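Report on one structure; see the data block that follows.
None of these values were measured; they are calculated from a predicted model. We count residues from 1, following the sequence as given.
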Amino acid sequence: KKKKKKKKVGGGLLSFEEDDEVAGAVDEFKSTKSKSSAFKKDLERAKRIERSKAEKISTQRAQSGEYTKEKLMELKKSNLKLPASIAPKPSTSQVPVGSVYEPEDEVVAAQEMDGVIPSADIIHAARKRREIARQNEEFISLEKDGQVSVGKGQRLVRQDEDDLDDTTHTSGPMSFGDAARRTARKNVRVEVESVVRGGILEDDEDEEFKRWEQQQINVGQSTIDSADKATTRRKEARGAPESNLSTQNAEETVEHIYKKLKDTYLSMEEVYTSHNTHLIRVVDDLEAADTSIPALELDLKDASKMYSFLQDMKGFITDMLDCLDEKLPVIQNNEASMHVLWKEFADEKDARDRQHIQDLVQVTQGNPDCQRRIVARKTRLMKRKKENLDEVLDTDDEDDDFRSQDAKSRKVEIENSAKRTFEDVLKDFCEIDKISAKIKNWKFTHTASYKDAYVGESLRKILAPLVKFQLLSWNPLEATCVDYEQMNWFVQLETYGIPDNNEAFDENDPDLNLVPDLVEMCLLPKLSGLVEFVWNPMSRSQTTRLVTLIRRLVEAFPTVGAEREPTQKLFTAVVARIKRLVQDWGQTLPQPHQATSTTEQTILKFYLKILACITEWTGLLTDSAIQHVAVTHINKTITPMLRRQPPVSETLLIFSQVYATLPSHWFQGNTASLAALRQGISPFTEAVNAFRLQFSAANNNKLDPPSQAQIDTILKGLSFQ
């Protein structure tokens with residue numbers, strides 16, 4: 001696609017040919033495609049420009065001669081005589097110095113100064129001269145770079161279009177080439193004006209020149225601003241950040257600049273103050289860090305020792321727990337085997353006692369086997385210096401005689417198996433004293449980590465299997481049983497939590513309850529099993545030992561009480577065992593109407609023994625539970641049999657024994673429970689009243705004072721008298 005060549009615009013009489021030729025060089029440079037050809041053409045163009053300059057300068061000098069001071073003054077005066085209405089504007093071209101002067105110019109100038117409208121011929125002549133000057137390139141073109149000049153044969157451009165200001169056609173961003181040309185043109189103009197005016201302008205002339213100069217500066221500034229705005233719009237369209245290269249306002253005042261500088265100074269002063277404060281703080285921190293280095297080095301040594309200690313304890317605890325996890329099933333198996341063996345002993349003894357009761361009942365029927373067993377039993381008791389038949393049911397001394405060799409061997413086997421449990425374990429992991437010593441050392445050397453690891457709360461569960469291991473053969477129902485306070489585990493852990501050097505200690509330390517917690521975790525469950533399956537309530541010695549032990553535990557340890565769950569389970573087992581005793585012996589002994597006169601006294605002694613066993617638990621079990629079992633036993637077994645007894649002193653003695661067996665505090669006060677008790681025991685009270693009448697009638701309505709006092713005491717306690 002061929003480019004449309006621009007028509008070369010002719011220069012005026014006083015023209016800046018360098019600008020036009022440079023612009024032409026730029027246009028020619030744009031039209032070339034090869035850099036080498038463009039360089040050659042630029043070189044040729046520069047040579048032509050130099051030759052044309054030399055020729056024009058010589059022509060101008062030949063036409064106008066040398067410029068002298070007088071000629072310049074005349075020229076200045078002629079320019080100053082022009083009226084303001086036709087004076088040249090900053091945007092229009094002035095008459096070039098050195099142009100050819102014609103007489104017609106004077107006529108035209110005279111007519112314009114006189115205010116006469118020029119004729120058509122004058123206007124035509126003026127246009128013709130302009131056209132000739134344009135063709136000869138002897139004047140400064142008023143057209144912009146993008147406009148096309150009028151050549152021969154074309155319509156002339158209107159005068160008003162030629163007089164338009166440069167700013168009218170300014171559009172788009174300003175290129176650097178335009179700025180360079182304007183700067184060069186401005187420098188040439190200043191030089192020419194300085195020569196023309198000769199540096200001796202009057203005051204009004206100086207003001208006019210300054211006003212024209214300021215207008216030119218404003219035009220250039222507006223062009224630069226429009227170019228900056230266009231550049232900014234292009235960068236915003238491309239998404240680039242807005243440039244801060246825009247020209248500052250030339251009309252900024254000194255006060256505005258001072259304010260900006262002052263604000264900048266204040267902001268920098270604030271930044272300096274903050275940095276200085278931060279520096280002081282950093283220096284202080286550095287000094288504190290330097291000071292704390294020795295202390296931290298010591299702390300590092302202590303922390304290293306503590307870390308090593310805790311690592312050792314971690315390994316110790318882990319190994320011990322692994323050992324207990326492996327040995328715990330063996331301990332539980334041995335414990336269960338020992339309980340089964342004790343239950344078999346208890347069942348065997350209970351069967352022997354039942355057989356003895358049946359022999360006593362049936363001996364009156366002449367059964368020789370019953371008589372033989374009774375005699376043999378009495379002989380054994382006599383050998384042990386127990387001549388009183390009241391001890392006939394205390395057969396604890398006969399246990400070793402009646403236990404089979406098989407049962408004894410089984411017990412020994414269980415004990416030996418238990419001894420082999422920890423044969424493959426170091427003593428540090430299976431002996432309570434060594435374990436407690438390590439953990440106690442941890443407690444008093446590293447108390448904080450001891451508490452953070454909740455060692456005190458976990459120690460009970462760790463030691464419980466080892467305590468149960470030592471309680472394997474412990475049976476408090478046996479006369480040969482070792483007291484729990486003399487066992488190794490109790491002695492070794494009794495002082496746990498108390499410093500060895502008798503220093504002051506916290507009385508509220510939870511570790512002081514280690515032994516009470518182990519009693520609750522180990523002793524009470526074991527006692528519950530013994531009461532339910534091994535304890536024989538008909539044995540006075542077993543009952544006494546059991547009651548005494550439980551009373552000691554309740555008084556000595558805060559963890560043993562009616563509000564604690566293990567204790568509640570123990571007391572529930574006691575009540576259930578007593579109820580089962582009453583039920584079983586009620587089926588074994590003959591009913592009151594089935595008993596003969598010779599066996600009634602013996603049966604009554606059994607019933608009184610059961611009643612004594614029930615009331616033995618007063619103070620441990622609740623009164624309501626004991627009263628319910630005791631009153632039921634009296635009304636169903638003792639009272640019917642006493643009604644069948646003759647009114648003799650022996651019968652009165654039995655009534656007195658029944659009343660004495662009942663706790664005296666049951667009949668004190670005047671509460672709802674006392675009323676319920678008296679209401680429940682009313683059958684026995686009626687039996688006492690009936691016996692009094694019969695006994696008085698048998699003695700001619702005269703009772704001896706002791707007998708009368710006994711009867712009055714019973715009736716007073718059982719009734720509302």
Side-chain angles (χ1 to χ4, degrees), residues 313 316-317 320 323-324 327-328 331-332 334-335 338 414-416 418-423 425-445 450 455-530 545-546 548-561 564 566-567 570:
M313 291 304 301
F316 170 75
I317 295 294
M320 184 176 61
C323 173
L324 293 177
K327 301 300 181 180
L328 183 59
I331 296 174
Q332 293 176 346
N334 291 332
E335 186 179 14
M338 186 63 73
I414 294 172
E415 292 175 350
N416 293 334
K419 292 178 182 179
R420 294 191 299 268
T421 303
F422 293 101
E423 284 184 348
V425 180
L426 295 176
K427 294 182 179 180
D428 292 340
F429 301 100
C430 63
E431 293 186 0
I432 293 178
D433 57 341
K434 296 186 179 300
I435 295 174
S436 61
K438 282 183 173 291
I439 298 180
K440 187 176 181 180
N441 181 44
W442 186 2
K443 173 181 174 63
F444 291 106
T445 55
Y450 178 88
V455 178
E457 289 76 1
S458 304
L459 186 59
R460 294 147 177 77
K461 295 183 179 180
I462 294 174
L463 298 178
L466 300 177
V467 174
K468 290 181 179 180
F469 174 76
Q470 294 189 18
L471 292 174
L472 180 64
S473 301
W474 183 70
N475 186 358
L477 301 177
E478 296 178 352
T480 59
C481 179
V482 180
D483 187 29
Y484 70 91
E485 292 183 354
Q486 299 177 0
M487 302 184 73
N488 292 333
W489 69 270
F490 188 90
V491 176
Q492 294 165 358
L493 298 177
E494 187 177 11
T495 59
Y496 184 83
I498 301 176
D500 296 334
N501 52 5
N502 296 325
E503 294 181 356
F505 60 92
D506 186 8
E507 296 182 355
N508 297 323
D509 188 357
D511 289 342
L512 297 178
N513 291 327
L514 177 60
V515 172
D517 291 341
L518 290 174
V519 168
E520 184 182 24
M521 295 174 63
C522 301
L523 262 68
L524 295 186
K526 189 176 185 67
L527 286 177
S528 298
L530 293 175
R545 296 189 192 104
L546 182 61
T548 303
L549 175 63
I550 294 177
R551 289 185 187 277
R552 287 174 57 194
L553 296 177
V554 171
E555 294 173 359
F557 303 109
T559 56
V560 181
R564 311 284 291 194
T567 307
L570 174 61

- Would you sort out whether Leu466 and Ile435 count as a side-chain contact (heavy atoms from CB on, under 4.5 Å), showing the intermediate values? CA-CA 11 Å; Leu466 300 177; Ile435 295 174; 3.6 Å; yes
What's the spacing between [X] [atom1] and [Y] [atom2] if we round to 0.5 Å?
X	Y	atom1	atom2	answer
Lys438	Ile317	NZ	CD1	9.5 Å
Ile462	Ile432	CD1	CD1	12.0 Å
Glu478	Leu530	CD	CG	9.0 Å
Lys468	Leu463	NZ	CG	12.5 Å

Residues which pass side-chain contact (heavy atoms from CB on, under 4.5 Å) with [X], listed by chain and number, not counting sequence neighbours:
X	result
Pro499	Phe444, Asn501, Glu503, Phe505
Ser528	Leu570
Gln332	Leu328
Glu415	Met338, Lys411, Ser473

Taking every non-hydrogen atom, the tightest pair across [X] and [Y]:
X	Y	answer
Asp433	Gln492	N-OE1, 3.2 Å
Gly456	Asp511	CA-OD1, 3.4 Å
Val482	Trp474	O-NE1, 2.9 Å
Ala418	Leu472	CB-CD2, 3.2 Å

- Message: Pair Leu549, Leu527 - check side-chain contact (heavy atoms from CB on, under 4.5 Å), show working.
- Response: CA-CA 10 Å; Leu549 175 63; Leu527 286 177; 3.7 Å; yes
Please check if the side chain of [X] supplies one atom and the backbone of [Y] the other of a donor-acceptor pair under 3.5 Å.
X	Y	result
Lys526	Leu471	yes
Ser458	Val455	no
Thr559	Pro516	yes
Lys327	Thr421	yes
Gln470	Trp489	yes
Thr548	Arg545	no

- Message: If you apply the rule side-chain contact (heavy atoms from CB on, under 4.5 Å), what do you find for Tyr450 with Ile439, and how did you get there?
- Response: CA-CA 9 Å; Tyr450 178 88; Ile439 298 180; 3.8 Å; yes
- Message: In the structure I gave you, are the side-chain heavy atoms of Leu524 and Leu553 within less than 4.5 Å of one another anywhere?
- Response: yes
- Task: For residues Ile498 and Leu512, determine if any side-chain heavy atom of one lies less than 4.5 Å from a side-chain heavy atom of the other.
- Result: yes
- Task: For Phe469, enumerate each residue passing the ring-ring contact (aromatic ring centres under 6.0 Å, His included) test, keeping only those at least two apart in sequence or located in another chain.
- Result: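 Residues passing ring-ring contact (aromatic ring centres under 6.0 Å, His included) with Phe469: Phe422.
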- Item | Sequence-distant partners of Phe316, ring-ring contact (aromatic ring centres under 6.0 Å, His included), two or more places apart |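 ring-ring contact (aromatic ring centres under 6.0 Å, His included) check on Phe316 returns Phe429.
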- Item | Ion pair Arg564/Glu520, N-O distance below 4.0 Å |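 Salt bridge flag = yes for Glu520 with Arg564.
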- Chi angles and distances behind the side-chain contact (heavy atoms from CB on, under 4.5 Å) call for Val515, Phe557: CA-CA 9 Å; Val515 172; Phe557 303 109; 4.0 Å; yes
